Amino acid sequence: MALTIAIIAAGAMGSAVAQRLVEHGVIVRTSLEGRSPASAKRAAAAGMIAASDDRALLDGAAALLSIVPPGEARALAHRFRATLSALEAKPVYVELNAVNPATVTEIAAIIAAARCPFIGGSIIGGPPKPGEAGPRFYIAGPDSARLAMLTEHGLDIRPLEGGIGAAAALKMSYAGLTKGLTALGAAMILAAAESGAGPALARELAASQPNMLAYLRRSIPAMYGKSYRWVAEMREIAGFVPPETGASAIYEGAARLYEHIAVDAMTPKDKGALAAFETFLADRVE
């Protein structure tokens with residue numbers, strides 16, 4: 001009998017993970033409730049089966065993988081609690097979103113009320129692509145062994161020692177560096193552009209910090225379409241860093257910056273923040 005996995009939702013990551021599993025013989029169900037036509041199209045292309053309701057989605061599934069924007073993670077657990085409570089054979093609930101350990105603990109408590117096994121996890125790396133190993137799925141907690149079978153179905157599963165928040169702590173630390181550095185670069189590019197120092201800063205970086213400039217040229221354009229999802233992630237990181245260090249203010253500021261960029265990402269590229277980024281990051285020799 002084929003292994004069945006439920007994945008919420010059919011975004012860029014969720015659909016790519018589903019496609020990898022389907023290619024390795026797994027039946028993947030999803031829910032398209034409240035989702036866009038683009039999500040439905042991605043789900044169909046990935047070979048996902050749209051369930052008629054939450055009971056049909058979860059009945060007989062070995063695991064439910066929660067892969068949604070971090071701001072939706074708690075609501076998703078609340079949504080499935082009643083259905084999970086009613087199931088005799090329960091899937092393991094795998095929290096894979098970019099949330100901090102405290103949030104993982106909250107979600108675990110919601111799922112525990114349904115007497116359902118729970119794994120705290122995180123994903124590091126981009127969506128799986130043909131011919132590539134794909135992202136790393138870090139998992140933690142006493143139920144982690146229940147997800148080990150996915151290593152045989154194309155996913156790179158990496159158990160971590162520690163409590164259910166261990167994988168979340170790794171994700172917060174990693175994203176705080178990578179997405180935090182992108183935010184820092186974006187903030188200074190906008191400030192330089194506003195002050196008229198943009199061309200001089202670009203020349204100086206090319207001369208003295210070429211690796212930094214190369215990083216910004218890769219990371220900032222790739223961020224435009226994701227910035228709206230990074231707002232909640234930055235706030236999760238703000239709640240993760242030690243409060244006495246004052247670092248939470250850095251990530252709350254990054255959240256506000258990404259909110260600003262997300263608004264501008266919906267306008268033509270010749271206006272607003274995106275125009276400043278495109279001008280600054282242009283590959284030119286002066």
Side-chain angles (χ1 to χ4, degrees), residues 1-11 13-22 24-35 39 42-43 46-99 103-123 127-128 135 137-155 157 159 164-165 167-168 171:
M1 189 174 185
L3 178 67
T4 298
I5 300 293
I7 294 182
I8 305 294
M13 179 64 79
S15 61
V17 171
Q19 184 169 347
R20 175 64 57 86
L21 291 172
V22 169
H24 285 76
V26 178
I27 295 171
V28 180
R29 300 178 189 151
T30 194
S31 170
L32 296 176
E33 179 183 341
R35 298 294 168 178
S39 291
R42 280 192 298 267
M48 304 172 85
I49 298 169
S52 56
D53 56 34
D54 288 349
R55 179 68 182 244
L57 172 74
L58 299 178
D59 196 15
L64 167 62
L65 308 187
S66 173
I67 307 175
V68 295
E72 299 177 16
R74 289 182 188 85
L76 191 73
H78 281 295
R79 168 185 162 183
F80 284 115
R81 180 172 58 183
T83 303
L84 289 167
S85 295
L87 289 175
E88 184 174 344
K90 303 177 192 294
V92 58
Y93 191 104
V94 188
E95 172 54 53
L96 288 168
N97 302 301
V99 295
T103 301
V104 171
T105 299
E106 291 179 36
I107 293 170
I110 295 167
I111 299 305
R115 304 177 305 282
C116 182
F118 180 87
I119 294 172
S122 64
I123 304 173
F137 292 77
Y138 290 95
I139 57 174
D143 293 310
S144 292
R146 295 187 56 153
L147 207 65
M149 75 287 195
L150 294 188
T151 60
E152 302 172 7
H153 297 282
L155 300 189
I157 305 294
I164 58 171
K171 176 67 175 183

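FYI, side chains are in, hydrogens and waters are out, and symmetry mates aren't considered; it's all heavy atoms of this structure. Small disclaimer: the values here were computed from a predicted structure and weren't measured.
Note: Leu64 CG to Leu57 CG = 6.5 Å, rounded to the nearest 0.5 Å. Expressed to the nearest 0.5 Å, how far CZ of Arg81 lies from CG of Asp54 amounts to 14.0 Å. Rounding to the nearest 0.5 Å places CG of Leu155 at 10.5 Å from CD1 of Ile139. Taken to the nearest 0.5 Å, the CD1 atom of Ile157 stands 7.0 Å off from the OG1 atom of Thr151. Note that the CG atom of Asp59 and the CG atom of Leu87 stand 6.0 Å from one another [nearest 0.5 Å]. A distance of 12.5 Å separates CD1 in Ile111 from CD in Glu106, rounded to the nearest 0.5 Å.
Here the closest non-hydrogen pair linking Ala56 and Arg29 is O-NH1, 3.1 Å. Among all heavy-atom pairs drawn from Lys171 and Ile123, the shortest one is NZ-O, 2.8 Å. Nearest approach of Ser66 to Glu95, heavy atoms of both residues: OG-OE1, 3.7 Å. In plain terms, the two heavy atoms of Pro128 and Met13 that are nearest each other are CD-SD, 4.1 Å. Across Asp143 and Phe118, no two heavy atoms sit closer than the pair OD2-N, 3.2 Å. Annotation for Arg74 and Ile110: closest pair O-CD1, 4.3 Å, computed over non-hydrogen atoms.
The backbone N or O of Leu21 lies less than 3.5 Å from no partner atom in the side chain of His153, so there is not a single donor-acceptor pair. Looking at Thr30, its side chain does come within 3.5 Å of a backbone N or O of Ile7 through a donor-acceptor pair. No donor-acceptor pair closer than 3.5 Å links the side chain of Asn97 to the backbone N or O of Val99.
In this structure, Tyr93 and Leu58 have side chains that are not in contact, with every pair of non-hydrogen atoms separated by 4.5 Å or more. At a threshold of 4.5 Å between non-hydrogen side-chain atoms, the residues Pro91 and Leu84 count as touching. When side chains are defined from C-beta on, Ile67 does not count as touching Ile8, because their heavy atoms never get closer than 4.5 Å.
Ile5 pairs with exactly one of Leu150, Val17, Val22, Val94 by the side chain to side chain contact (heavy atoms under 4.5 Å, CB included) rule, that one being Leu150. Just one residue in the list Leu147, Ile164, Leu96 forms a side chain to side chain contact (heavy atoms under 4.5 Å, CB included) with Ile119, and that residue is Leu147.
Side-chain atoms of Ser31 and Arg79 include a donor-acceptor pair closer than 3.5 Å.
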